[in-house]
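To start, the structure under review is shown below, and the notes come after it.
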Amino acid sequence: MRLLPVLAVATLVSGCLFDKEPEVVRLSGETMGTTFNITAIGTDVDENALAETVQNTLAQVNAKMSNWDPNSEVSKFSASPSTDPAPVSKEFAFVINAANDVHAKSGGTFDVTLGPLIELWGFGPREPDDPVPSDADIQAALNSVGQARLLTLNTEQGTLTKADPGVGINLSAIAKGYGIDAVAETLREAGIENYMVEIGGDLVTLGTNDKGEAWRIGIEKPEAGSQNLQLIVELDDLGMATSGDYKNFFEQDGVRYSHIIDPTTGRPITHRTTSVTVLAENAMMADAWATAMLALGQDKGMELAEQHKLAVYFISRDVTGGEDAYITVHSTAFKDALGSN
């Protein structure tokens, strides 16, 4: 799901925030198998130097976290048959440690070892007549899934150990957020205090836009091919990520199979929650929790959101209201986060 910047319709901050006329630098391109868009606002900004620094940051993130690059750190770790402790970079360890935290708090619903189940269910390449996996195939794949059981991170030694030679790591549900945060840190180091960094629809903001107004971000209605907005939120110094099940799925024998797979069952989700947006202190945690919350669904997810004070917004299909009818609910922390911005 895309998180869409929208034009402000009201002045939220009055007065001039800059001694000089602010310069707006917009950078865009491709990274991590998707696109990025950056808006940076400041004075005396060297656009070429900033663009080079951002590209270097993204290259470093990809070199460590990209499952698209066979030579990345995560790809080499996954391909290695060794079960000895493997030295890992501090950045890689940082992301795995965060993934372990979400994995534990979500009851295993967020899992970076989900790869065997993703491949089993045919996401991505899949032929229309490919059979739905059997119970035996699902169970076999589940034996190779479970990061708490299969991965051991030693933060003091800076090592990661796999319990089985075939264990692999897929960081697609957290590395994008980490990349956003890394770019944001690059902007701050360049002295930029007002920005929006977006990669693949997830983002982080700081300060205000070039009009001195709050960043206003639109959350799409969960309708394939549509950019109609369900909600507009105002953000400052928050990461935001949305996960949805309505763009990537297949149907067979009248049954709809989502690409969101529950690692605890080995099967695509079947609940009526179709989109989840999470606000967090950074984009990495928003990214991971959005995936976990969509897998959990509104009922279980809301209980967990209240327990851990997570800012979550759920959109679920209203089975009694027609094809395009939805029910929306949000956690207490979601309302509080918007109220403080």
Side-chain angles (χ1 to χ4, degrees), residues 30-34 55-104 108-127 130 133 136-182 199-200 248 259-264 266 284 287-288 291-292 295:
E30 297 183 354
T31 188
M32 293 182 169
T34 186
Q55 288 288 0
N56 288 339
T57 298
L58 290 171
Q60 292 171 22
V61 172
N62 275 278
K64 293 178 172 61
M65 314 293 175
S66 177
N67 288 106
W68 296 79
D69 181 358
N71 294 313
S72 70
E73 183 174 6
V74 63
S75 294
K76 288 182 176 180
F77 178 86
S78 296
S80 172
S82 175
T83 56
D84 294 333
V88 293
S89 67
K90 63 180 182 180
E91 295 86 358
F92 190 56
F94 177 75
V95 171
I96 294 297
N97 191 53
N100 284 342
D101 180 62
V102 179
H103 177 78
T109 304
F110 180 86
D111 199 309
V112 298
T113 64
L114 193 62
L117 286 167
I118 295 174
E119 294 179 11
L120 179 66
W121 282 97
F123 298 103
R126 185 180 191 282
E127 298 298 326
D130 285 348
D137 289 338
I138 293 171
Q139 186 55 54
L142 277 170
N143 291 335
S144 298
V145 173
Q147 71 186 67
R149 176 173 57 89
L150 297 172
L151 295 173
T152 302
L153 176 67
N154 188 321
T155 54
E156 292 184 2
Q157 298 295 323
T159 61
L160 184 64
T161 307
K162 58 173 70 176
D164 183 271
V167 173
I169 295 177
N170 188 315
L171 296 177
S172 59
I174 191 170
K176 183 171 60 175
Y178 173 81
I180 293 168
D181 294 332
I199 300 180
N248 192 1
H259 78 289
I260 300 296
I261 298 172
D262 185 343
T264 64
M284 179 181 68
D287 191 10
T291 298

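Keep in mind that what you see is a predicted model, and the values were worked out from it rather than measured.
- Applying side chain to side chain contact (heavy atoms under 4.5 Å, CB included) to E73 and the options L171, N62, L160, V88 leaves one that passes, V88.
- Closest non-hydrogen pair, G179 versus I199, comes out as C-CD1, 4.0 Å.
- When every heavy atom of M284 is checked against every heavy atom of A98, the shortest pair comes out as CE-CB, 3.5 Å.
- T31 OG1 to Q55 CD: the interatomic distance, rounded to the nearest 0.5 Å, is 7.5 Å.
- In this structure, the side chain of N67 engages the main chain of I169 through a donor-acceptor pair within 3.5 Å.
- Taking every heavy atom of both residues into account, P81 and P165 meet most closely at O-CB, 3.2 Å.
- For the pair K162 (side chain) and A86 (backbone), a donor-acceptor distance under 3.5 Å is absent.
- Contacts classified as salt bridge (charged side-chain N to carboxylate O under 4.0 Å, His left out) and involving residues 77-94 (residues at least two apart or in different chains) are not found.
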Item checked: side-chain contact (heavy atoms from CB on, under 4.5 Å) evaluation trace for N170 with L114 -> CA-CA 7 Å; N170 188 315; L114 193 62; 6.0 Å; no
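- In this structure a side-chain-to-backbone donor-acceptor pair under 3.5 Å is missing from S80 to K76.
- Of the listed residues (T152, N100, T113), just one forms a side-chain hydrogen bond (donor to acceptor under 3.5 Å, both in side chains) with Q147, and that residue is N100.
- Between T83 atom OG1 and L150 atom CG the span is 12.0 Å, to the nearest 0.5 Å.
- W121 contributes a side-chain N or O that, together with a main-chain N or O of G266, makes up a donor-acceptor pair within less than 3.5 Å.
- Closest of all the heavy-atom pairs between M65 and Y178 is CE-CE2, 3.9 Å.
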Next item on the list: Could you go through the side-chain contact (heavy atoms from CB on, under 4.5 Å) check for D101 and N97 one step at a time?
Entry: CA-CA 6 Å; D101 180 62; N97 191 53; over 6 Å; no
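- Between the CD atom in E30 and the CG atom in L58 there is a gap of 12.0 Å [rounded to 0.5 Å].
- To the nearest 0.5 Å, the span separating CG on L153 from OG1 on T159 amounts to 7.0 Å.
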Check: Checking side-chain contact (heavy atoms from CB on, under 4.5 Å) for the pair I174/V102: CA distance, chi angles, key distance, verdict?
Finding: CA-CA 10 Å; I174 191 170; V102 179; 5.6 Å; no
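- Scored by the side chain to side chain donor-acceptor pair (under 3.5 Å) test, S75 finds S72 as partners (sequence neighbours excluded).
- Closest heavy-atom contact between D287 and S172: OD2-O, 4.4 Å.
- Rounded to the nearest 0.5 angstrom, K64 NZ and F94 CZ are separated by 13.5 Å.
- The heavy-atom pair separating A141 from L120 by the smallest distance is CB-CD2, 4.0 Å.
- Residue D111 holds its CG atom at 8.0 Å from CG of L151, rounded to the nearest 0.5 Å.
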Next item on the list: Would you check, one step at a time, whether the test side-chain contact (heavy atoms from CB on, under 4.5 Å) holds for M32 with V61?
Entry: CA-CA 9 Å; M32 293 182 169; V61 172; 3.0 Å; yes
